[in-house]
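Contents: one structure, followed by commentary.
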Amino acid sequence: MKSKNLALTNGIVGLVGGIILLFGGWFIAGGIVSDAATGSVSNTSGAAAFLNILKIAILALGIIEIKKRLISTGNIKVKPPELY
């Protein structure tokens with residue numbers, strides 16, 4: 001993936017993910033209220049799973065972006081894999 005596309009993807013996911021995570025507490029609270037009304041735990045579990053997947057996606061894109069930036073500036077030397 002080219003650096004420009006990766007930066008754009010990272011920015012979009014970071015912005016949207018950050019906004020959603022700001023309201024994450026309200027999503028969980030809404031799931032708890034809904035679960036109390038229906039007597040199940042599916043809404044809270046679904047909201048928590050969604051927020052955790054979103055956190056992992058943002059973390060992974062951040063790590064990839066940092067690694068690309070360090071490699072492109074020459075701060076990290078990457079050896080090509082040896083073929084046997």
Side-chain angles (χ1 to χ4, degrees):
M1 186 179 274
K2 295 189 177 205
S3 294
K4 187 175 181 178
N5 290 338
L6 181 63
L8 180 63
T9 303
N10 192 13
I12 291 170
V13 171
L15 180 65
V16 172
I19 291 170
I20 291 173
L21 289 175
L22 281 174
F23 297 109
W26 292 105
F27 293 154
I28 297 293
I32 291 170
V33 169
S34 176
D35 288 342
T38 61
S40 69
V41 283
S42 62
N43 292 328
T44 306
S45 301
F50 172 73
L51 292 175
N52 284 331
I53 290 170
L54 184 63
K55 288 178 192 177
I56 291 169
I58 292 171
L59 177 66
L61 279 173
I63 290 170
I64 292 169
E65 181 69 23
I66 288 172
K67 184 178 176 186
K68 273 208 157 300
R69 284 181 188 264
L70 290 175
I71 290 171
S72 68
T73 58
N75 292 334
I76 292 181
K77 304 292 185 210
V78 178
K79 295 190 317 187
E82 295 180 16
L83 300 175
Y84 295 102

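Throughout, residue positions are numbered sequentially from 1 according to the sequence presented.
- Annotation: side-chain contact (heavy atoms from CB on, under 4.5 Å) contacts of S40 (sequence neighbours excluded): D35, T38, S42.
- Pairs engaging residues 14-25 under the side chain to side chain donor-acceptor pair (under 3.5 Å) rule: none recorded [sequence neighbours left out].
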Pairs of donor and acceptor atoms involving the side chains of residues 45-59, under 3.5 Å and at least two apart or interchain, shall be tabulated with distances.
residue, atom, partner, partner atom, Å
S45, OG, V41, O, 2.8
N52, ND2, A48, O, 3.3

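- Under the 4.5 Å side-chain heavy-atom criterion for Ile, Leu, Val, Met, Phe, Trp and Tyr, V33 and F27 are members of distinct hydrophobic clusters.
- When the options I20, I19, L21 are evaluated for a side-chain contact (heavy atoms from CB on, under 4.5 Å) with F23, the one that passes is I19.
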